[in-house]
Amino acid sequence: MVDAPTPTSPLAGQTHLPRANGPVGVTIAERVFAGMLVLRGNAIDPAFIAAAHGALGFDLPLIANTATSAGSNGALWLGPDEWLVVTAPDDAMARAVGLKVALVGLHAAVTDIGDSRTIIRLSGPKARDVLAKGCPLDLHPRTFGPGRAAQSLIARAGVIIHQLDDIPSYDIYILASFAAYLWNWLTDAGLEYGIVPGAKL
Amino acid sequence: MLLITCPWCGPRAEIEFQYGGEAHIARPADPVALDDAAWADHLFMRKNPKGKHRERWMHRSGCRRWFNMERDTISHEITAVYRIGTTVPGKEGT
């Protein structure tokens with residue numbers, strides 16, 4: 001009998017940060033083990049949209065570069081027929097089953113990708129300045145505010161960025177094998193803004 | 001750095017995109033009927049114009065969709081961006 005494997009964060013042990021040398025401008029923390037599903041389907045098929053809404057309890061974002069959410073669940077627009085559904089830890093399997101049942105007979109796909117990425121949350125009045133150092137997106141509030149989400153690059157690493165609020169806070173979805181690199185890059189980029197570890201998520 | 005307007009995501013930096021070569025190259029309807037020279041012509045020979053060029057691009061670090069673009073190879077001016085399966089706006093049938 002093999003013991004059930006214990007999940008390990010790709011950022012386990014990446015908590016060392018130099019003490020801020022002045023006011024704290026930004027915090028960094030890992031949102032660990034969130035469930036993630038890739039949902040694909042025809043956005044202009046009302047049956048698909050209705051079935052997804054029924055299974056999720058909220059609408060899929062149909063406008064490019066936006067996200068919708070309800071409580072700890074959310075959906076991010078990834079492409080014209082592709083979304084990332086984010087769930088609480090341990091809820092991904094139930095969500096996937098719910099979606100698959102609701103989408104029977106439709107041209108759609110649900111794939112659990114939760115273990116491929118982790119989430120780094122950057123929050124604070126200087127969070128935008130830290131991102132702007134390595135991200136080609138226009139992060140100005142007039143084009144990228146709360147509820148916006150986009151796939152892009154930070155320091156050449158592929159990421160999904162989701163702005164949560166006006167603080168501003170960002171959830172940055174990063175592939176597990178790039179997570180330590182991006183964490184180190186962000187903490188280095190945040191040094192001048194007084195970066196410290198954030199509250200556990 | 002070019003600012004490329006992805007037909008799905010909007011304006012993004014060139015670093016997010018992948019160049020995919022000349023657009024609108026139709027695969028021969030009956031490949032078996034081609035001789036080697038004609039097949040090589042289809043596979044390898046490209047226009048390489050000095051001026052307006054219609055080419056394929058892919059939003060690699062974004063929505064990962066292929067699309068077409070008309071770009072001037074001298075000035076890099078982008079004169080049209082349009083989805084796969086459509087023609088250059090205003091130049092239908094060409």
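Here is how names work: the chains are called A, B, and so on, in the same order as the sequence lines, proteins then strands, and each is numbered from 1. Predicted model, so just to flag it, every value in this text is computed and none were measured.
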Does B:R60 have any side-chain hydrogen bond (donor to acceptor under 3.5 Å, both in side chains) partners at least two apart in sequence or in another chain, and if so, which?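 side-chain hydrogen bond (donor to acceptor under 3.5 Å, both in side chains) check on B:R60 returns B:Q18.
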Which atom names give the shortest non-hydrogen contact between A:P80 and B:R65, and what distance separates them?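 That closest heavy-atom pairing would be CD-NE, 3.7 Å.
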Please round to the nearest 0.5 Å and tell me the distance separating atom CD of B:E16 and atom CG of A:L137.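 One gets 5.5 Å once the value is rounded to the nearest 0.5 Å.
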So how far is it from B:W8 CH2 to A:D81 CG, rounded to the nearest 0.5 Å?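 Reported to 0.5 Å precision, the distance equals 8.0 Å.
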Tabulate, in ascending numerical order, the residues of residues 34-65 of chain A having at least one heavy atom closer than 4.5 Å to a heavy atom of chain B, or enter 'none'.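 At a heavy-atom separation under 4.5 Å, chain B is reached by A:R40, A:A64, A:N65.
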Interface residues of residues 145-178 of chain A facing chain B - non-hydrogen atoms under 4.5 Å apart: A:A150, A:Q151, A:S152, A:L153, A:R156
Heavy atoms of other groups near B:M45 CE, more than 12 under 6.0 Å: no
Is the number of heavy atoms from other residues, nucleotides or ligands within 6.0 Å of NE2 (A:H107) greater than 12?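 Result for NE2/A:H107: open.
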Can you tell me which of B:C9, B:A13, B:P11, B:G10 forms the most heavy-atom pairs within a distance under 4.5 Å of chain A? B:C9
Quick one: side-chain hydrogen bond (donor to acceptor under 3.5 Å, both in side chains) pairs with a partner in residues 29-49 of chain B, sequence neighbours left out? B:E22-B:K47
